[in-house]
Amino acid sequence: MHLYRTHKCGELRKSDIGKTVKLSGWVHRKRDHGGVLFIDLRDTYGLTQIVAQGNADLERVRGESVITIEGEVVARAEGTTNAKMPTGDIEVVAKSVTVQSNADVIPFQVAEEDGAGEEVRLKYRYLDLRREGMHSRVRLRNNVIAAMRRRMWAEGFQEFNTPILTASSPEGARDYLVPSRLHPGKFYALPQAPQQFKQLLMMSGFDRYFQIAPCFRDEDGRADRLAEFYQLDVEMSFVQQEDVFEVMTNVVKGIFEEFADFTGTKHRVEFLPNMKYGDAMEKYGSDKPDLRNPLIVTDVTEVFKRDDVTFNAFKGVIAKGGVVKCIRAPKVADRPRSFFDKLNDWARGEGAVGLGYITFKDGAGAGPIAKFVPAEAQAILNKTAGMEEGDAIFFVCDMPEKAAKFAGRARDRICDDMGIRETGIYKLFWIVDFPMFELDEKTGKVDFSHNPFSMPQGGLEALNGPDPLKVMATQYDCVCNGYELCSGGIRNHKPEIMEKAFAIAGYPKEVLEKKFGGMLNAFRYGAPPHGGCAFGVDRIVMLLANEPNLREVYAFVMNGQYEDPMMNAPSDITEAQLKDLHLKLNLPKKVEAA
RNA sequence: GCGGGUGUAGUUCAGUUGGUUAGAACGCUUCCCUGUCACGGAAGAGGUCGCGGGUUCGAGUCCCGUCACUCGCGCCA
């Protein structure tokens with residue numbers, strides 16, 4: 001007979017009655033009735049009830065210990081079956097028991113989700129991962145990745161691995177650096193994304209590349225942002241934007257549909273028409289709007305410019321180049337004062353002066369700002385913002401960029417306070433027509449607004465035009481429920497256009513050659529037009545699992561400070577290691593003192 | 001770097017206006033219990049109230065500082 005098991009803990013049924021079996025697993029729950037003892041034995045496949053009488057080993061064994069039991073599968077007596085368990089019609093009567101590993105008292109409960117904090121969960125992640133929730137989400141991640149591979153292979157893509165130790169690049173996020181022992185003073189960088197390698201694979205003639213690629217970025221974390229994460233990285237040759245969309249919409253929509261019932265509620269999956277970046281910013285105040293939120297932002301600067309409108313707080317800002325944005329909240333005019341006060345408090349907490357509003361009841365405006373807006377102006381305001389009887393509109397007034405962004409956040413906040421965010425649906429769409437360049441509001445300098453390697457729409461001709469800020473990049477994002485799932489573009493494969501683009505952003509040809517010489521060279525030996533994108537694997541899993549935090553879908557993960565409390569990373573290294581790497585530490589005073 | 005929130009038993013939390021010996025649930029220990037499945041019952045152990053300072057006759061509670069965690073802003077093509 002097998003040493004550890006003949007069956008798994010989730011598989012025994014009525015048809016197995018009479019068999020002598022061996023099961024191994026963790027002591028999930030123990031119910032000791034004195035004369036008779038029940039143990040729910042758990043492995044990754046499920047639970048089976050073990051019954052024992054007068055077994056001293058089992059009486060002593062603590063929860064989460066690992067045991068092997070041998071015994072007979074018997075039918076549970078009438079009235080003692082458990083319809084909640086797949087194995088609930090049978091139980092195994094233990095004849096012999098081997099304790100494989102005794103467990104100490106565990107720091108938090110495994111058999112139930114007791115709300116233990118992240119700090120302790122991460123320190124004992126292996127225990128956390130035994131719990132049903134984490135266990136199933138990590139499995140979901142595995143299944144999603146398997147589905148990605150299956151679907152990408154079906155679309156004719158080949159999977160590649162690209163280097164983890166590579167060169168630092170000046171664009172984008174901070175790199176994680178690895179000192180070189182063989183080359184004193186030089187460093188490798190961990191890839192922020194395999195961007196250049198995947199483009200080089202197109203130059204190598206491979207046509208369709210994908211990789212479940214690890215990416216590393218040394219920037220401060222967020223609930224949906226980690227130091228290391230995985231992307232479904234994709235690149236294709238001889239394609240236009242629409243070709244990338246066609247393939248990837250198919251793949252991603254398929255994945256969402258495949259796992260849309262993970263939470264137990266079947267979610268609908270909608271792929272909506274493309275949205276222009278400019279429209280997203282204008283109507284939603286965000287480059288990743290959540291379209292489950294029905295509210296939209298309207299510009300009403302013109303109304304507050306009118307002579308008969310005497311709200312000087314806004315007029316002053318408008319005079320300096322500011323704008324007034326508003327958000328119409330339908331049917332909230334009768335909400336208690338506290339509804340509006342709460343939003344106001346929120347706005348102040350976010351550093352705004354407040355969130356002014358006008359309600360519209362019985363054909364007239366009301367609320368703190370209404371008295372500055374006479375009837376005629378009110379009518380125009382209503383028409384512009386689409387306000388009807390019983391509605392309210394909230395105002396944000398600031399410099400254009402700040403106003404748009406804050407209106408976007410207010411839009412989300414108002415939506416949640418109203419409780420009108422749609423549930424049970426994934427709303428996906430592509431955002432297109434990102435500007436190639438942007439003006440730094442502080443320095444007045446023109447810089448790349450997103451990816452410097454994307455092809456400007458209109459090519460060299462467009463770049464030679466009078467206003468580079470009007471040039472659009474062939475650049476796109478895929479957004480779902482307020483999360484940026486994917487970023488991509490059709491790449492610039494022509495050195496002369498790239499030189500011009502970099503020149504506009506203030507980088508001379510020498511800089512370009514020095515930093516990207518390898519790839520520029522490749523462009524000179526026959527480069528196919530190409531483009532692609534990269535989907536955040538874990539954000540997709542996070543959405544499918546309906547979790548607001550990436551750490552809930554990763555097996556092993558660092559905390560918000562990018563420390564691993566289980567492995568003690570990052571850690572000190574020895575003097576000998578430093579010497580090997582030709583490094584001397586120059587620590588801030590605060591750290592030295594500690 | 002900045003802002004919000006949190007910090008009390010192993011875990012999750014309560015703790016009133018500053019007032020006796022800081023509580024609950026789960027977990028843990030010992031005992032009782034032959035049909036439970038979140039088993040039940042009895043008894044018990046377990047606390048630097050994050051840390052330091054201050055105010056006070058008296059601080060978990062008030063004040064100042066500090067640290068940790070967490071969410072967000074900045075940052076992140």
Side-chain angles (χ1 to χ4, degrees), chain A residues 28-41 47-54 59-60 62-64 74 76-85 87-88 91 93 103-124 127-128 169-175 192-193 195 215-227 229 287 345-346 348-352 402 405-406 409 412-413 434-438 447-454 473 475-477 484 487-489 505 534 536 548-549 551 559-561 563 565 588 590 593-594:
Chain A
H28 185 69
R29 278 208 170 87
K30 194 170 117 183
R31 295 176 293 279
D32 188 348
H33 289 243
V36 62
L37 166 73
F38 302 97
I39 281 180
D40 292 335
L41 194 65
L47 289 169
T48 300
Q49 175 164 281
I50 311 299
V51 199
Q53 293 189 21
E59 277 163 25
R60 235 180 288 122
R62 220 183 254 131
E64 292 309 309
V74 302
R76 292 208 200 178
E78 203 172 322
T80 67
T81 56
N82 186 344
K84 281 185 267 177
M85 292 171 84
T87 61
E91 61 194 2
V93 179
D104 283 348
V105 176
I106 47 178
F108 53 83
Q109 294 310 293
V110 169
E112 48 200 281
E113 311 273 335
D114 62 358
E118 209 167 81
E119 219 173 335
V120 66
R121 287 176 56 203
L122 289 181
K123 183 166 179 186
Y124 303 95
L127 293 178
D128 193 32
S169 83
E171 284 297 321
R174 267 185 218 103
D175 287 316
Q192 296 176 27
Q195 180 69 32
C215 304
F216 306 87
R217 292 179 192 175
D218 186 10
E219 296 292 345
D220 289 8
R222 292 284 186 278
D224 66 341
R225 222 166 68 192
L226 300 172
F229 56 97
D287 58 359
D345 288 346
W346 166 81
R348 273 193 218 105
E350 296 293 314
K402 276 181 85 174
K405 272 188 152 180
F406 190 66
R409 293 172 59 204
D412 267 321
R413 179 70 194 206
F434 281 81
M436 186 81 200
F437 303 99
E438 67 188 3
D447 203 350
F448 291 112
S449 70
H450 290 86
N451 189 330
F453 300 112
S454 54
Q475 167 95 33
Y476 38 82
D477 282 1
E484 180 193 307
S487 205
N549 193 314
R551 291 180 207 117
N559 68 14
Q561 266 60 244
E563 298 161 314
K590 223 175 171 180

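All values below were derived from every heavy atom in this structure, side-chain atoms included, with hydrogens, water molecules and symmetry-related copies excluded. Proteins get letters first, then strands, A, B, ... in listed order; numbering begins at 1 in each.
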Indicate, with a heavy-atom threshold strictly under 4.0 Å, whether A:Lys123 touches base, sugar-phosphate, or nothing. nothing
With distance as the sole criterion, do the side chain of A:Asp40 and the base of B:C37 form a donor-acceptor contact below 3.5 Å? no
Between the protein and nucleotides 68-70 of chain B, list every N/O to N/O distance that falls short of 3.5 Å.
residue	atom	partner	partner atom	Å
B:C69	OP1	A:Glu563	OE1	2.8
B:C69	OP2	A:Gln561	NE2	3.4
B:U70	OP1	A:Glu118	OE1	3.2
B:U70	OP1	A:Gly560	N	3.2
B:U70	OP2	A:Gly560	N	3.4
B:U70	OP2	A:Gln561	NE2	2.8

What nucleotide among B:G74, B:U11, B:C37 has an atom nearest to a side-chain atom of A:Met85? B:C37
Check whether any side-chain N or O of A:Lys30 sits under 4.0 Å from OP1 or OP2 of B:U36, and answer yes or no. no
Heavy-atom protein contacts under 4.0 Å, nucleotides 41-47 of chain B, coded B base, S sugar-phosphate only, - none: -------
Classify the side chain of A:Glu91 and the base of B:G35 as holding, or not holding, a donor-acceptor pair under 3.5 Å. yes
Review item, nucleotides 25-29 of chain B N/O atoms under 3.5 Å of protein N/O:
residue	atom	partner	partner atom	Å
B:G27	O2'	A:Gln109	NE2	3.4
B:U29	OP1	A:Arg62	NE	3.2

From the candidates B:C73, B:U11, B:U36, the one with an atom nearest any side-chain atom of A:Arg409 is B:C73
How close do A:Cys215 and A:Ala193 get, heavy atom to heavy atom, and via which atoms? SG-CA, 3.9 Å
Should A:Lys402 be listed as having a side-chain N or O under 4.0 Å from OP1 or OP2 of B:G74? no
Are the charged groups of A:Arg29 and A:Glu112 less than 4.0 angstrom apart, N to O? yes
Span that lies between the P atom of B:A59 and that of B:G18, in whole angstrom: 14 Å
Separation of A:Asp175 atom CG from B:C75 atom C1', in whole Å? 15 Å
Does A:Lys30 have more than 12 heavy atoms from other residues, nucleotides or ligands lying within 6.0 Å of its NZ? yes
What verdict does the salt bridge (charged side-chain N to carboxylate O under 4.0 Å, His left out) test give for A:Asp412 and A:Arg409, after you've listed the backbone C-alpha separation in whole Å, the side-chain angles of each residue and the deciding distance to 0.1 Å? CA-CA 5 Å; A:Asp412 267 321; A:Arg409 293 172 59 204; over 6 Å; no
Quick one: on RNA chain B, does A:Gln49 or A:Arg174 contact a more 5' nucleotide (nearest heavy atom)? A:Gln49
Closest approach to the side chain of A:Ala223, judged atom by atom: which nucleotide of B:C39, B:C71, B:G35 is it? B:C71
Does a side-chain heavy-atom distance below 4.5 Å link A:Asn559 with A:Glu119? no
So do A:Gln192 and A:Phe216 actually touch side chain to side chain, heavy atoms under 4.5 Å? no
Please state whether the phosphate of B:C39, meaning OP1 or OP2, lies under 4.0 angstrom from any side-chain nitrogen or oxygen of A:Arg31. yes
Gap in Å between the two P atoms, one belonging to B:G50 and one to B:A68, rounded: 16 Å
The nucleotide from B:C76, B:A38, B:G35 with an atom nearest the side chain of A:Lys84 is B:A38
Counting only heavy atoms from other residues, nucleotides and ligands, does the tally under 6.0 Å from CZ of A:Arg174 exceed 12? no
Evaluate whether the aromatic ring of A:His33 and the six-membered ring of the B:C33 base sit under 5.5 Å apart, centre to centre, with an inclination under 30°. no
One character per nucleotide, please: for nucleotides 2-7 of chain B, 5' to 3', B when the base has a protein heavy atom closer than 4.0 Å, S when only the sugar-phosphate does, - otherwise. ------
Any carboxylate oxygen within less than 4.0 angstrom of a Lys/Arg side-chain nitrogen, looking at A:Asp220 and A:Arg225? no
For A:Arg551 versus A:Glu118, what's the shortest heavy-atom pair and its separation? NH1-OE1, 2.7 Å
Check every atom of B:A38, B:C76, B:U36 against the side chain of A:Arg29 and return the nucleotide holding the closest atom. B:A38
Counting any heavy atom closer than 4.0 Å, what does A:Ser454 reach on the DNA or RNA strands: base, sugar-phosphate only, or nothing? nothing
Can you tell if the side chain of A:Ile106 reaches within under 4.5 Å of the side chain of A:Arg62, non-hydrogen atoms only? no
Hey, does A:Gly117 reach any base, or is it just sugar-phosphate, or nothing, if we go heavy atoms under 4.0 Å? sugar-phosphate
Aromatic stack A:Phe38/B:U36: centroid gap under 5.5 Å, interplanar angle under 30°: yes
Check whether any side-chain heavy atom of A:Phe434 lies under 4.5 Å from a side-chain heavy atom of A:Asp477, and answer yes or no. yes
Please work out if A:Thr48 contacts a base, only the sugar-phosphate, or nothing of the nucleic acid, heavy-atom cut-off 4.0 Å. nothing
Can you name the residues that form a side-chain hydrogen bond (donor to acceptor under 3.5 Å, both in side chains) with A:Asp224, not counting sequence neighbours? none
Contact class for A:Pro107 (heavy atom, under 4.0 Å): base, sugar-phosphate, or nothing? sugar-phosphate
Residue-phosphate contact under 4.0 Å: A:Arg225 side-chain N/O, B:G72 OP1/OP2: no
Stem segments of RNA chain B by first residue number [Watson-Crick or G-U, under 3.5 Å, at least 3]: B:1-7 with B:67-73, B:10-13 with B:23-26, B:28-32 with B:40-44, B:50-54 with B:62-66
